[in-house]
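Here the structure is laid out as structure tokens; the discussion comes afterwards.
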Number of protein chains: 2
Amino acid sequence: MNKITAREKLLKAAGELFYNNGITATGIDSVINRAGVAKMSLYNNFKSKSDLVAAYIDARHQEWLDLYAIRSANLANGWERVLAIFDAYQDHAEFDYQNGFRGCGLLNAAAEMPANSIEREAVNRHKQEVRAIVHQQLSELPFTDDSPAHLTQLTEHICFLLEGAISLAGLSKDTGAITRARTMADQLIEQAL
Amino acid sequence: MNKITAREKLLKAAGELFYNNGITATGIDSVINRAGVAKMSLYNNFKSKSDLVAAYIDARHQEWLDLYAIRSANLANGWERVLAIFDAYQDHAEFDYQNGFRGCGLLNAAAEMPANSIEREAVNRHKQEVRAIVHQQLSELPFTDDSPAHLTQLTEHICFLLEGAISLAGLSKDTGAITRARTMADQLIEQAL
DNA sequence: ACAACTATACAGACTAGTCTATATAGTGAT
DNA sequence: ATCACTATATAGACTAGTCTGTATAGTTGT
């Protein structure tokens with residue numbers, strides 16, 4: 001029968017409300033109402049709103065990893081697997097566009113939190129992981145300049161393109177920006193080979 | 001004696017609190033306490049909190065334009081004036097770092113607001129203006145490929161680098177990212193000439 | 001006198017989180 | 001099959017505090 005638990009309903013509702021309206025602006029009552037769940041079900045599953053936010057951040061991170069796993073499966077080389085990162089974000093953008101694409105949910109979450117908060121650190125870890133994937137995939141390619149410094153610089157360049165494109169795509173409601181950033185990354189890699 | 005008006009005190013206090021703690025998380029009382037001003041002074045100068053937020057966004061935009069005007073004055077050509085955009089953001093980053101650099105205040109403000117809100121549109125206009133400056137300065141340079149399409153693509157590439165670097169610099173507390181993005185833009189322009 | 005300001009009190013809605021009490025479904029032991 | 005137990009769910013009242021915004025009376029400098 002695979003019943004949907006209150007926890008799952010809460011994470012789904014929180015995911016939608018947090019992404020669309022922001023975390024601070026979203027009250028506990030909105031979340032439980034949208035989830036169709038009793039308030040105590042929230043506090044039986046999560047210690048506090050902060051705990052729910054932490055679970056939300058975690059779920060978004062995992063969601064992206066899953067999208068990337070699908071997009072990068074069966075690809076021939078690191079080049080294609082780097083471009084698949086853009087595809088994974090594109091999938092993400094298309095998915096959220098129904099309720100109005102607002103850029104990266106994790107970056108938006110971080111934007112609401114004070115410096116040095118655990119939430120910002122969690123989002124930073126996510127972005128570092130994305131960077132590590134870019135670095136790993138690029139390291140398999142035979143660049144003309146195969147120094148570690150060049151690899152690091154190219155990695156960072158692609159990460160900047162990625163984050164910039166997603167943020168500006170969300171602002172200007174032009175998800176095509178992500179595709180164009182993908183093309184830029186593609187040309188960048190081609191040039192360096 | 002050049003007295004500081006309640007309005008100025010409020011904008012300064014709101015600027016600090018909104019940037020450091022987020023807009024939604026900052027209450028009216030925090031703002032007036034930090035400003036050292038009566039609550040009615042806020043509502044005599046601003047119709048509502050939203051009105052104060054709009055003024056905040058406007059002030060940040062103007063602040064950046066001023067920083068850019070200083071950085072781009074007396075520069076020889078469009079190339080240098082494009083790089084000066086990175087310098088202006090770097091100044092911004094250094095300035096805010098005292099209370100913990102958290103990236104672009106305008107992008108962070110947009111991140112808290114729902115899609116299609118007037119605040120997001122105001123921030124979008126700011127970013128479009130920055131893009132127009134990049135475009136304008138680049139258009140003065142004698143690129144090998146001087147087609148409008150190439151100019152547009154290079155403009156967008158630099159804008160992506162800019163936004164990505166600022167966001168990630170704020171997250172990872174590494175303001176050097178902005179300098180490195182500047183170098184990337186520099187190389188990009190050099191290559192295209 | 002006039003304008004800008006301060007200081008407080010207030011209304012009313014909303015906030016996160018706690019509490020009690022109840023319902024239901026599944027498990028294991030006898 | 002029945003009983004006791006456990007886990008998870010429900011409804012809804014309740015506390016204690018915060019939120020934006022208003023009203024009112026008094027103060028200060030020119």
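Nothing here was measured: the structure is a model prediction, and the numbers come from that model.
Rounded to an integer number of Å, the gap from CG of B/Leu10 to C1' of C/dT6 is 13 Å. Whole-Å rounding puts the B/Ile28 CD1 to D/dG17 P distance at 22 Å. Rounded to whole Å, the distance from CG on A/Asp29 to P on D/dA13 is 13 Å. For the pair A/Ile32 CD1 and C/dT18 C1', the computed distance is 13 Å after rounding to whole Å. Here D/dG21 presents its C1' atom at 12 Å from CG of B/Asn44, a figure rounded to the nearest Å. One atom, CD1 of B/Ile23, and another, P of D/dC19, lie 15 Å apart when rounded to the nearest Å. In this structure, B/Phe46 places its CZ atom 18 Å from C1' of D/dT22, rounding to the nearest Å. The interatomic distance linking A/Tyr43 (OH) with D/dA7 (C1') rounds to 21 Å, in whole Å.
Residue B/Val37 places its side chain closer to C/dT6 than to any other of D/dT20, C/dT6, D/dA11. In this structure, of C/dG17, C/dT6, D/dG21, it is C/dG17 that holds the atom nearest to the side chain of A/Lys39. Nearest to the side chain of A/Ser41, among C/dG17, C/dT6, D/dA9, sits D/dA9. You'll find that the side chain of A/Thr5 is closest to D/dA9, out of C/dT18, D/dA9, C/dT6.
For A/His150 and A/His157, the ring centers sit 6.0 Å or farther from each other.
Relative orientation of the B/Tyr89 and B/Trp64 rings is tilted, given thresholds of 30° and 60° on the angle between their planes.
Residues B/Glu112 and B/Thr24 have side chains that bring a donor and an acceptor to within less than 3.5 angstrom of each other.
Neither OP1 nor OP2 of C/dA4 sits under 4.0 Å from any side-chain N or O of B/Asn45.
Residue A/Thr26 is classed as a sugar-phosphate contact, given heavy-atom separations below 4.0 Å to backbone atoms only.
Annotation: of the two residues near DNA chain C, A/Ser30 and A/Met40, the 5′-most nearest-nucleotide partner is A/Ser30.
In summary, B/Glu16 and B/Lys12 engage in a salt bridge, as defined by a charged side-chain N under 4.0 Å from a carboxylate O.
In this structure, B/Asn74 places its CG atom where only 12 or fewer heavy-atom neighbours from other residues, nucleotides or ligands lie under 6.0 Å away.
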